[in-house]
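In what follows, a structure is listed as structure tokens, so that the remarks can point back to it.
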Amino acid sequence: MKIQTESSERLPIGHETKSEWSEVTPGERFSIRVSSEETNGAYAMLEVVADHRNGTPMHIHQNEDEHFIILEGTAYLAYGDKTVEAPAGTNVTVSKGILHAWCNLSKSPLRMLVLFTPGGLHELFRTIAKNHAINEATLLDKFGTRMVGPALFDHIYTIFSPRS
């Protein structure tokens, strides 16, 4: 595993970090904490900071389990037939092939680590952040991810319904 030695930056909500932040959609930022290249494909880990009312549409990962570790704020998650409010200190695992989505309903930012096993899916985030004018359906298909429904609630900002 490689240890990063870049200079520290301020996180959008005031925490120290040592890596670059990118934006998936306005109000949702991520930093690749560990790439799959660093773990020989075993996993990849992102740190995600989401503003109030940001989240994801209902989707399925065909290749990866997704592990959420809530660091600050509260995530609202739906997976399979379960829904849960997950405050800081909570972790939730969603197995591959399970329908799921998350959002931030609280007024404060949500900060979480998202671990994908096996690794590789971080490249989807990296590609979207670099080029918002891409064909999302083709890109999602390439990474074995299917969008199968809307966000969990009306007025949740996602990559398909961004903040104006």
Side-chain angles (χ1 to χ4, degrees), residues 1 4 8-36 38-39 42-126 128-129 143 145-163:
M1 184 177 295
Q4 294 182 338
S8 293
E9 299 175 18
R10 296 293 287 176
L11 246 174
I13 58 174
H15 296 279
E16 294 297 320
T17 183
K18 294 182 180 180
S19 51
E20 180 181 317
W21 287 87
S22 299
E23 191 171 76
V24 173
T25 188
E28 182 184 331
R29 292 139 332 261
F30 73 94
S31 177
I32 299 170
R33 292 297 182 206
V34 180
S35 71
S36 60
E38 296 172 279
T39 65
Y43 68 93
M45 183 178 9
L46 305 180
E47 182 173 349
V48 176
V49 176
D51 291 343
H52 172 62
R53 301 208 70 82
N54 269 77
T56 61
M58 293 298 282
H59 63 283
I60 297 172
H61 300 292
Q62 296 175 15
N63 305 315
E64 299 86 10
D65 294 337
E66 188 169 4
H67 313 273
F68 298 90
I69 303 164
I70 311 305
L71 302 174
E72 290 182 30
T74 301
Y76 186 89
L77 290 121
Y79 56 103
D81 59 357
K82 299 176 184 170
T83 57
V84 64
E85 286 190 25
T90 304
N91 63 71
V92 174
T93 296
V94 179
S95 298
K96 67 182 175 184
I98 301 295
L99 179 70
H100 66 285
W102 63 265
C103 63
N104 179 10
L105 298 177
S106 68
K107 297 288 184 187
S108 61
L110 167 64
R111 183 172 154 245
M112 59 186 171
L113 294 176
V114 181
L115 185 74
F116 295 102
T117 56
L121 198 61
H122 67 289
E123 287 300 330
L124 171 66
F125 291 84
R126 188 180 278 160
I128 290 170
F143 286 97
T145 299
R146 284 187 301 127
M147 296 298 169
V148 295
L152 296 173
F153 301 97
D154 290 338
H155 307 295
I156 296 294
Y157 303 107
T158 72
I159 191 166
F160 299 116
S161 58
R163 291 176 190 271

Checklist entry - For Leu77 and His100, what are the C-alpha separation, side-chain angles and deciding distance, and is it a side-chain contact (heavy atoms from CB on, under 4.5 Å)? => result CA-CA 7 Å; Leu77 290 121; His100 66 285; over 6 Å; no

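- Taking CH2 from Trp102 and CD1 from Ile156, the interatomic distance works out to 9.5 Å, rounded to the nearest 0.5 Å.
- Separation of atoms CZ (Phe68) and CG (Leu115) is listed at 10.5 Å; rounding is to 0.5 Å.
- Summarising the geometry of His52 relative to Tyr157, their closest heavy-atom pair is O-CD1, 4.5 Å, with the distance given to 0.1 Å.
- Annotation: ring-ring contact (aromatic ring centres under 6.0 Å, His included) contacts involving residues 70-90, sequence neighbours excluded, comprise Tyr76-Phe153.
- By the 4.5 Å heavy-atom criterion applied to side chains, Phe143 and Glu123 are counted as neighbours.
- Scanning all heavy atoms of the two residues, the minimum distance from Leu152 to Cys103 falls at CD1-SG, 4.1 Å.
- The aromatic ring centroids of Phe116 and His61 lie less than 6.0 Å from each other.
- A distance-only check finds a donor-acceptor pair linking the side chain of Asp65 to the backbone of Lys96 [under 3.5 Å].
- The two residues Ile60 and Leu99 have their closest heavy-atom pair at CG1-CA, 3.7 Å.
- Scored by the side-chain hydrogen bond (donor to acceptor under 3.5 Å, both in side chains) test, Ser161 finds Thr158 as partners (sequence neighbours excluded).
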Next on the checklist: Please evaluate residues Phe125 and Ile32 with respect to the criterion side-chain contact (heavy atoms from CB on, under 4.5 Å), reporting the C-alpha separation (whole Å), side-chain torsions for both, the decisive distance (0.1 Å), and the verdict.
Outcome noted: CA-CA 9 Å; Phe125 291 84; Ile32 299 170; 6.0 Å; no

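- Ser31 places a side-chain N or O within 3.5 Å of a backbone atom of Glu20 that can act as its donor or acceptor partner.
- Rounding to the nearest 0.5 angstrom, the gap separating the CG atom in Asn54 from the CD atom in Glu28 is 6.0 Å.
- Here the closest non-hydrogen pair linking Val49 and Pro109 is CG1-CB, 4.4 Å.
- Of all heavy-atom pairs spanning His122 and Ser35, the tightest one is NE2-CB, 3.6 Å.
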